**Student:** 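I have a structure here, written as structure tokens, and I will follow up with some questions on it.
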Amino acid sequence: MTAPVKKNDRLIVHIEDLTHDGAGVAKVDGYPLFIQGGLPNESAEVHVVKTLKNYGFAKIVDIKESSPDRVEAPCPIFDQCGGCQLQHLSYEGQLKWKQNMVENVMKRIGKIDVPVLPVKGMQDPWHYRNKAQIPFGVDGDVPIAGFYKTKSHHIVDTNRCLIQGEEADAILMGLKPKLWSLGLTPYDEISQRGILRHVVVRKARTTNEVMVVLVTKGRKLKEKEAIIKAIIELIPNVKSIMHNINSQDTNVIFGNDTLLLWGKEVIEDYIGDVRFEISARSFYQVNPIQTEVLYEQALDYAALTGKETVIDAYCGIGTISLFMAKKAKMVMGVEIVPQAIADAKRNAEINHLTNTFFEAGPAEEVIPRWYKEGKTADVLMVDPPRKGCDEALLTTIIEQKPRKVVYVSCNPATLARDLRILEDGGYKTQQVQPVDMFPHTAHCEVVAWLELV
Ligand code: SAH
């Protein structure tokens, strides 16, 4: 395709859609132009900044016709920070767009005509995250901390975040001015000098317990007692202060060593009535309120009576498995990360859920083997990463025919692709329920329910 526009062209376009990064999409003779900040149903004068073979990028010069759902983004650094993409769209508008997007993807990619229910959103879609990972750095010799700019490692300095909890603000506001006196000079990625790289703050919503993890370049903390005292003053409900050492020249936040500085090594939280112990490195869903909504939906579709055996593929630390174990005869979870499986086993133990079984390995290898060993399931749960289910797993499902499949997905496009395969293999998608786990971002979580027909 030759681009019908070239760099520095100015033209008026009609924006039709949003990308999964939240950029507006307009088509010029079928050629997509991505326009940051543009919303569906808007007309705008744009300036073309870059053209590639199959798509290009443009900037808004002037909005000629504004979307009725456009709002002023409440966060002052919304335009620079990479954390949120949709604050300029009203929350109702976001939910409407997400439902539409899922519906379109089901039709276009999945060729499935299935009811997509209105997105289950949050009553209060702010301050929902239970984990903040705050990078520290320097601008000249001024310490800065906040969030990364979109697709970069440039820190946007801030003292407040509207989607994090108040504990993150306390660290942003309270720790920055004290860094020098605490001996925690901020780390500079370019010169590789300084000590403090990140502060990670996690909060357990149901118990209010907080964990603070300091990630530093070296092992030595000169003012240990003063650091502990300062953190307790900033966050009175802190129950655990950990120290992680990351001496590598890397983008990864954590290093391999995690030491206890003060308090407990884990904080405790509940999802429904299942208790979880969360350590500095464990994976845990970041929106606890919507996690319950999502799992309740999956449980509702599973319609367990207590007699069923459930396989939970891609089970992580066993959150869905344990949630279902109270209602099922047996739950078997499989997950590729061995540490997550160790956490799942431990979580089963502390909840006295003896009707569970966990194995580490690729779902597409472990589940076919289970079937050969006679370990079969009535209900198969899958919750794969963005790339969707492995084809070998879908083949196993089609061959083994569990009567019900509940598919939790963080990527509607791969979900639709996989549903098509399952439908061709004898399943029928009954209902699709999107759940808004990440308000103000373009992400959308979806639960789909399939029955063997
Ligand atoms: N169900 C969990 C986690 C879902 S995230 C929860 O709700 O918390 C998806 C998980 O799939 C991750 O934990 C990832 O490590 C795991 N994973 C990725 N590829 C896998 C594979 N081939 N087999 C099994 N697990 C896999």
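If you're wondering where the values come from, they're calculated on a predicted model, not measured in any experiment. Every number for a ligand or one of its atoms is a count from 1 in the order of the listing. Heavy-atom basis, side chains included; hydrogens, waters and symmetry copies ignored. All residue numbers in this chain count up from 1 along the given sequence.
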**Student:** Is there a donor in the side chain of Gln94 and an acceptor in the side chain of His440, or the other way round, less than 3.5 Å apart?
**Tutor:** yes
**Student:** So how far is it from Glu308 CD to Asp378 CG, rounded to the nearest 0.5 Å?
**Tutor:** 6.0 Å
**Student:** Would you mind checking if Arg369 and Glu365 are paired as a salt bridge, meaning a charged N to carboxylate O distance below 4.0 Å?
**Tutor:** no
**Student:** Any donor-acceptor pair under 3.5 Å linking the side-chain atoms of Asn159 with those of Lys176?
**Tutor:** yes
**Student:** Check each N or O atom of ligand 1 against all protein N or O atoms and list the pairs under 3.5 Å, with atom names and distances to 0.1 Å, one per line.
**Tutor:**
unit_1, atom_1, unit_2, atom_2, d
ligand 1, 1 (N), Tyr314, O, 3.1
ligand 1, 1 (N), Asp383, OD2, 2.9
ligand 1, 7 (O), Gln285, NE2, 3.0
ligand 1, 7 (O), Tyr295, OH, 2.6
ligand 1, 7 (O), Asp383, OD2, 3.1
ligand 1, 8 (O), Gln285, NE2, 3.3
ligand 1, 8 (O), Tyr295, OH, 3.4
ligand 1, 8 (O), Thr319, OG1, 2.9
ligand 1, 13 (O), Glu335, OE1, 2.7
ligand 1, 13 (O), Glu335, OE2, 3.3
ligand 1, 15 (O), Glu335, OE2, 2.7
ligand 1, 22 (N), Glu364, OE1, 3.1
ligand 1, 23 (N), Ala363, N, 2.8
ligand 1, 25 (N), Ile336, N, 3.1

**Student:** Are side-chain heavy atoms of Ile317 and Ile278 found at a separation under 4.5 Å?
**Tutor:** no
**Student:** Given side chains that start at C-beta, do those of Leu179 and Phe136 come closer than 4.5 Å, heavy atoms only?
**Tutor:** yes
